[in-house]
Amino acid sequence: MDYTLRMLESIFENMINGYAYHQIIIDENNYPIDYVFLDVNPAFEKMTGLTKDQVIGKKVTEVIPGFSDSKFDWIGVYGSTALAGKKHSFQEFSEGLKRWYLVNVFSPQHGFFITIFNEITDLKQKEEELLEKNENLTALLEEVSAMEEELRQQVDELSLQRDNLGNSEDRLKRAQALAHVGNWELDLFNNTIWASEEAFRIYGITRTSPYLPLAEVQEQVDSNDRSVLDLALRQLLDSKKEYSVEFTITRNSDGQRRIIHSVAELVLDNMGTPQKALGVIHDITEHKEAELKIKKNNEELTALYEEIVATEEELRTQYEMLALLNEKLRLSEERYKLSLEGANDGIWDWDIKEDKLYVSDRCRELVCFGSNIIDCPKEYLQKIVHPEDIYIILENFRKHLNGETQHLNCEHRILEQKNQNLYRWILVRGKAVWDINGKAYRMAGSLTDISEIKRQHEVIHKLAYYDSITGFPNKVLFQDRLNVATHYASRNEKKVALVFLDLDNFKKINDTQGHLMGDEVLKEASIKINSCIRNYDTLARFGGDEFIVLMQDIENINEVATITERIKNIFNNPLYVNKNPIYITFSMGIALFPDDGDDINELLKNADTAMYKAKELGKNNIQFYNKAMNEEILRKIDIENSLRTAVENQELFLEYQPCFALKEGKIKGFEALLRWSNRKLGAIPPLNFIPIAEETGMIIKIGEWVLKKACQQNKEWQVKFNINTVISVNISPIQLKHINFIYIVRKTLQETGLKPEYLELEITENILIDSIELITDKLNELRQLGIRIALDDFGTGFSSLSYLKRLPLNTVKIDKSFIADIFLEENNSHLVGAIITIAHLMGLKIIAEGVETKEQLDYLLQAGCDGIQGYLFSEPISVNEVPLFLSKRGKL
């Protein structure tokens with residue numbers, strides 16, 4: 001026995017989990033208000049930072065500062081375990097200890113509980129970091145989507161600029177020969193000049209900042225040229241003239257005089273106001289010196305020519321000078337050869353008369369030539385060029401040799417010599433030389449490997465126009481196709497249909513099975529939808545769980561109906577994702593061009609409106625757009641906007657429906673009914689604004705206001721009239737699922753002074769669709785506080801007798817539709833009687849709603865119904881009418 005005890009003590013001392021044994025402390029109403037530490041293990045000390053001596057025998061509110069202010073109801077949860085034996089397992093943040101814990105709690109005996117826990121602060125921090133990264137990626141994706149159109153335009157502009165550059169070989173050669181070129185940007189508002197590193201080097205200034213020091217630059221400019229620069233800049237700003245000016249500087253760094261050429265242009269805003277000046281500076285000192293030398297040489301050659309004519313001696317001198325020039329030419333040719341070898345592009349030269357093709361070493365590397373000379377271009381075409389591109393090359397050469405184009409500029413593919421299934425992209429540029437008869441006798445140019453550029457363009461194109469998950473067109477490409485389709489339809493008097501599809505309850509798939517599973521569902525769903533449409537229709541993913549189908553050449557609206565019904569029916573069978581069956585449905589909205597809009601944005605909006613109408617009508621159905629839908633949407637927008645300030649503007653108020661106890665023959669309490677009257681919209685029925693409040697989340701704030709107002713009013717009546725009335729408050733599923741709902745109820749009772757047994761919370765059957773375990777736990781906790789729970793509108797939703805058994809209910813309220821039909825058919829009365837009998841057998845009270853006739857009342861009395869509500873005794877009344885009602889109609 002001693003050995004077993006020692007072994008258990010050893011396990012207890014060496015547990016890696018935190019362990020603590022407590023006793024709950026309750027007040028006179030059996031509410032848990034604190035707990036005492038009875039024992040802890042070393043892991044507890046390590047995970048909390050509290051020693052055993054600090055906690056044993058002490059209350060938690062004494063040990064952990066600020067514990068009572070914690071958002072999480074630790075005492076309430078542990079109290080439900082110690083007093084009711086309910087096990088709990090949860091993750092929560094301790095405000096006092098500033099740490100996250102994974103806690104498992106159970107009760108070994110009444111009034112005591114044990115916690116086994118682990119600290120998970122690091123895990124939670126990593127989880128938050130992952131969530132933040134996911135949000136950043138989502139934001140980045142939305143930003144990329146917003147800029148896709150701009151990116152497409154920029155790509156078009158870049159292509160146009162590339163073509164323009166290729167149209168002028170002279171400008172291209174001059175651009176390639178440029179050296180010592182810097183660029184600058186003048187901010188006209190801040191009067192600062194940003195400049196590149198080369199610009200700083202040209203001025204001989206060390207670049208410690210991206211902005212040129214204006215004073216030092218102006219100091220270096222020759223005094224005669226300063227006015228020239230100022231005049232050119234003023235003309236650029238005032239009259240938008242071309243800015244092109246030469247000036248001389250003397251560099252402070254080395255004293256060298258340099259000649260500078262600068263060009264610039266203005267950047268204007270949408271109003272035509274100058275914003276910036278963008279410019280380029282070019283050190284042309286050597287160029288100017290070369291011009292002077294050439295000019296001087298020309299003058300000398302002219303003089304030499306005149307001397308040759310005059311004397312033979314002068315001819316000999318000219319010959320010697322010519323030999324000297326030939327030597328310079330040889331050196332120049334060597335430099336030219338070196339420049340070719342150092343260039344990344346391949347150089348080719350075609351002797352048209354001899355039909356021989358010379359290629360540089362780099363050219364040979366690019367196209368895998370065996371030697372520098374190929375017999376003729378025909379051999380190049382036959383051996384190297386991709387067969388599909390031969391015609392393109394021949395056509396471009398023909399146009400240039402016939403003088404139809406100034407330059408040859410042609411992109412084509414060449415086959416890899418080692419693997420004929422692979423190819424690379426090559427850009428060929430060239431220019432021919434013609435004789436005096438206009439016949440081309442020679443042609444030269446370059447070869448550039450543009451495979452990587454092509455691959456990048458393909459990636460950019462796919463990112464810009466196709467969805468990364470499904471592979472189908474995205475929003476940008478779809479809108480392009482829609483624009484083309486509507487223009488075609490307008491010219492040919494055709495119709496176009498847009499089908500907007502939204503996956504029903506997709507959030508539930510993501511929440512329960514993860515986003516990876518959600519992505520697979522979207523992928524499989526898109527494949528099924530695409531199989532239902534015509535070959536020339538377009539399916540696109542519009543974002544999130546939304547798809548859209550573009551249907552062209554519509555002859556009859558029945559075509560659209562047939563295809564959408566086909567889509568709807570195909571999802572009667574499940575999707576199989578990782579061999580798991582998943583059932584999904586779509587809500588679909590349809591808009592027709594030009595019937596429902598002659599503008600693509602209007603057409604998209606109306607299709608979306610029709611889709612939301614399909615959602616409202618129960619999902620998994622198809623709706624064609626009509627104008628009434630748009631009016632309904634505008635009405636909902638007005639309601640939503642006005643509802644946001646309804647509490648602050650004191651537009652909300654409560655009416656009270658009396659509830660009578662049949663056995664006692666007197667009033668039992670009131671049901672608080674929310675009403676809203678707006679200055680602009682008038683009185684809005686609850687069925688019109690409560691769904692909007694739930695959808696937008698405003699129901700949390702409004703529901704808290706209703707709960708507090710009703711409890712305050714009931715407490716006031718109890719004190720004023722000395723009665724024990726129960727106030728019933730309807731609770732939205734959104735409220736009940738909210739993390740702070742229990743806290744809000746406890747706080748409301750504390751602030752209003754209303755005892756829990758005089759508050760009844762009414763839930764509807766649609767709250768039972770999902771999260772039944774979470775809801776049951778919360779309702780049990782409310783019942784333990786003494787609050788009454790009623791199931792409203794019984795028989796109209798999704799509940800069953802099993803729910804009545806599982807839920808901690810006090811009362812079941814039979815829906816008024818059952819009461820209204822009691823005497824229409826015999827089965828109806830039997831059904832109401834059966835409900836009353838079963839509820840009584842389960843220990844539940846029954847309230848009948850919508851009692852309007854004496855016959856209904858008599859039947860309910862005979863059937864043993866516990867309470868009634870209805871217009872037979874009173875319609876909902878205002879707070880001011882309640883005192884008179886209690887005095888005159890307080891009894892049946």
Side-chain angles (χ1 to χ4, degrees), residues 653-675 686 706-731 748-749 752-763 786-794 809-816 818-820 822 832 835-836 839-840 843-892:
F653 61 94
L654 299 181
E655 288 186 341
Y656 299 91
Q657 173 80 56
C659 180
F660 291 90
L662 287 179
K663 291 182 181 179
E664 292 82 357
K666 63 180 182 180
I667 190 168
K668 168 183 175 289
F670 295 91
E671 179 181 353
L673 302 173
L674 179 60
R675 300 291 185 259
V706 171
L707 181 65
K708 186 171 184 178
K709 192 73 174 177
C711 290
Q712 283 178 337
Q713 191 59 64
N714 194 39
K715 180 64 177 179
E716 182 180 326
W717 290 332
Q718 288 182 346
V719 173
K720 187 173 182 179
F721 299 107
N722 192 27
I723 55 177
N724 292 325
T725 50
V726 175
I727 191 72
S728 297
V729 179
N730 292 281
I731 300 300
T748 300
L749 292 174
T752 60
L754 184 68
K755 291 185 177 181
E757 57 264 33
Y758 300 121
L759 172 63
E760 183 174 68
L761 301 180
E762 294 190 12
I763 61 173
I787 297 169
R788 303 174 62 83
I789 308 297
L791 182 61
D792 196 12
D793 300 333
F794 180 77
L809 301 173
N810 299 96
T811 306
V812 174
K813 302 183 76 172
I814 303 176
D815 186 71
K816 60 183 179 181
F818 284 86
I819 306 303
I822 284 179
V832 172
I835 293 174
I836 294 173
H840 286 165
L844 302 174
K845 297 290 186 181
I846 286 290
I847 303 295
E849 297 180 299
V851 179
E852 297 182 355
T853 67
K854 181 69 167 55
E855 290 77 13
Q856 292 170 350
L857 174 62
D858 292 340
Y859 173 81
L860 292 169
L861 279 169
Q862 183 179 0
C865 186
D866 300 294
I868 59 169
Q869 288 179 241
Y871 283 14
L872 177 62
F873 300 102
S874 175
E875 62 186 33
I877 58 178
S878 69
V879 66
N880 296 327
E881 295 175 298
V882 171
L884 181 62
F885 178 84
L886 289 173
S887 62
K888 291 185 176 181
R889 299 290 303 274
K891 296 183 178 180
L892 291 176

Taking salt bridge (charged side-chain N to carboxylate O under 4.0 Å, His left out) as the cut-off, I'd like each qualifying pair that reaches into residues 848-858, sequence neighbours left out, listed once.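 Only K813-E849, K854-D858 qualify under salt bridge (charged side-chain N to carboxylate O under 4.0 Å, His left out).
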Heavy-atom pair of closest approach, residues [X] and [Y]:
X	Y	value
C865	L662	O-CD1, 3.2 Å
A790	L809	C-CD2, 4.5 Å
P883	F721	CB-CZ, 3.6 Å
P876	R675	CG-NH2, 4.0 Å

How many angstroms lie between [atom1] in [X] and [atom2] in [Y], if you round to the nearest 0.5 Å?
X	Y	atom1	atom2	answer
Q856	K816	CD	NZ	12.0 Å
L861	I868	CG	CD1	7.0 Å
E762	I847	CD	CD1	9.0 Å
F885	N880	CZ	CG	15.0 Å
D866	I846	CG	CD1	7.0 Å
K668	F660	NZ	CZ	12.0 Å

Greater than 12 external heavy atoms within 6.0 Å of K709's NZ: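 Count not over threshold, so no.
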Are any side-chain N or O atoms of [X] and backbone N or O atoms of [Y], one a donor and one an acceptor, separated by less than 3.5 Å?
X	Y	result
Q718	T725	yes
Q657	S874	yes
N810	I789	yes

Test of understanding: with salt bridge (Lys or Arg N to Asp or Glu O under 4.0 Å), list the residues that count as partners of K845, not counting sequence neighbours.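 Not a single residue meets the salt bridge (Lys or Arg N to Asp or Glu O under 4.0 Å) criterion with K845.
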Partner set under salt bridge (Lys or Arg N to Asp or Glu O under 4.0 Å) for K663, not counting sequence neighbours: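 With sequence neighbours excluded, K663 shows a salt bridge (Lys or Arg N to Asp or Glu O under 4.0 Å) to no residue whatsoever.
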Heavy-atom side-chain proximity of [X] to [Y] below 4.5 angstrom:
X	Y	value
Q713	Y656	yes
L674	L654	yes
T752	N714	no
I727	L759	yes
I787	L749	yes

Suppose we call two aromatic rings close when their centres sit under 6.0 Å apart. Are Y758 and W717 close by that rule?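 Judged by ring-centre distance (under 6.0 Å), Y758 and W717 do not meet the cut-off.
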Trace of the side chain to side chain donor-acceptor pair (under 3.5 Å) decision for E760 with S728: CA-CA 5 Å; E760 183 174 68; S728 297; 2.7 Å; yes
